[in-house]
Amino acid sequence: MPPPSAPCLPGLSRRGLLLGVAGSAGLALLAGCTGDGGDGGPAVSPEQADALAAQIGVQESAVAAYAAAAAADPVLGDLVAEQAEQAMAQLDRLRAAAPGATSSAPADAGGPPAGGDVRAWLRGEIAAAADAHAAACAGQSAARAALLGSVAAGLRGQAAVLG
């Protein structure tokens, strides 16, 4: 006899639940990232501040990639609208964690290749941003590392959905 399956609440999908949990965790991380270091946590070095500020440009590129993909393939744009909103929310969290950081223009990814696989291009752009955020975690401390890790994990999930 197969084991009984867990009851499913109407209107609540596994994805919705995971997004809710991730959003709650992100808010908790944001609260920890916006402090001035006066709460007993480790002080942020100028190098760490610069590295976190650089990640804003990386996330701006991810947001721009979603916009370019939507322009190149409106059907795909409709399908990934929720992920694009999530990428924008992640950008807002990074900006809040690095107050005073100057916004850099996103690197021009050039958009998807003409006649190419827009979905594959977008997946590559999102995966590259996730890689950059994950690599930057090592140079950060405490909540800032957790924030970058959370954003990287979110982007990895978005890339997987595009797969």
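For the single chain, residues carry numbers from 1 onward in sequence order.
In this structure, I126 and A159 approach most closely via the heavy-atom pair CG2-N, 4.0 Å. The two residues I56 and A98 make their nearest non-hydrogen contact at CD1-CB, 3.9 Å. The shortest heavy-atom contact between H133 and L94 is CE1-CD1, 3.9 Å. Closest approach of C137 and G149 over heavy atoms only: SG-N, 3.2 Å. Heavy-atom minimum distance, R123 versus L162: NH1-O, 2.9 Å. In terms of heavy-atom proximity, E125 sits nearest to A65 at CB-CB, 3.8 Å.
Counting only residues at least two apart or in different chains, salt bridge (charged side-chain N to carboxylate O under 4.0 Å, His left out) contacts with residues 67-76 are absent.
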### Steps toward side chain to side chain contact (heavy atoms under 4.5 Å, CB included) verdict (V151, Q86)
CA-CA 10 Å; V151 173; Q86 291 169 4; over 6 Å; no
### Task
Give the C-alpha distance, both sets of side-chain angles, the deciding distance and a yes or no for side chain to side chain contact (heavy atoms under 4.5 Å, CB included) between L91 and E60.
CA-CA 7 Å; L91 175 58; E60 287 173 339; 3.8 Å; yes
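Residues that satisfy the side chain to side chain donor-acceptor pair (under 3.5 Å) test with Q90, not counting sequence neighbours, are Q59.
At least one donor-acceptor pair under 3.5 Å links the side chain of Q140 to the backbone N or O of Q48.
Distance check, rounded to the nearest 0.5 Å: CD of Q83 to CG of L155 gives 11.0 Å. Note that CG of L147 is 7.0 Å distant from CG of L52, once rounded to the nearest 0.5 Å.
Defined by atom type and a distance below 3.5 Å, a donor-acceptor pair is present between the side-chain atoms of Q158 and Y66.
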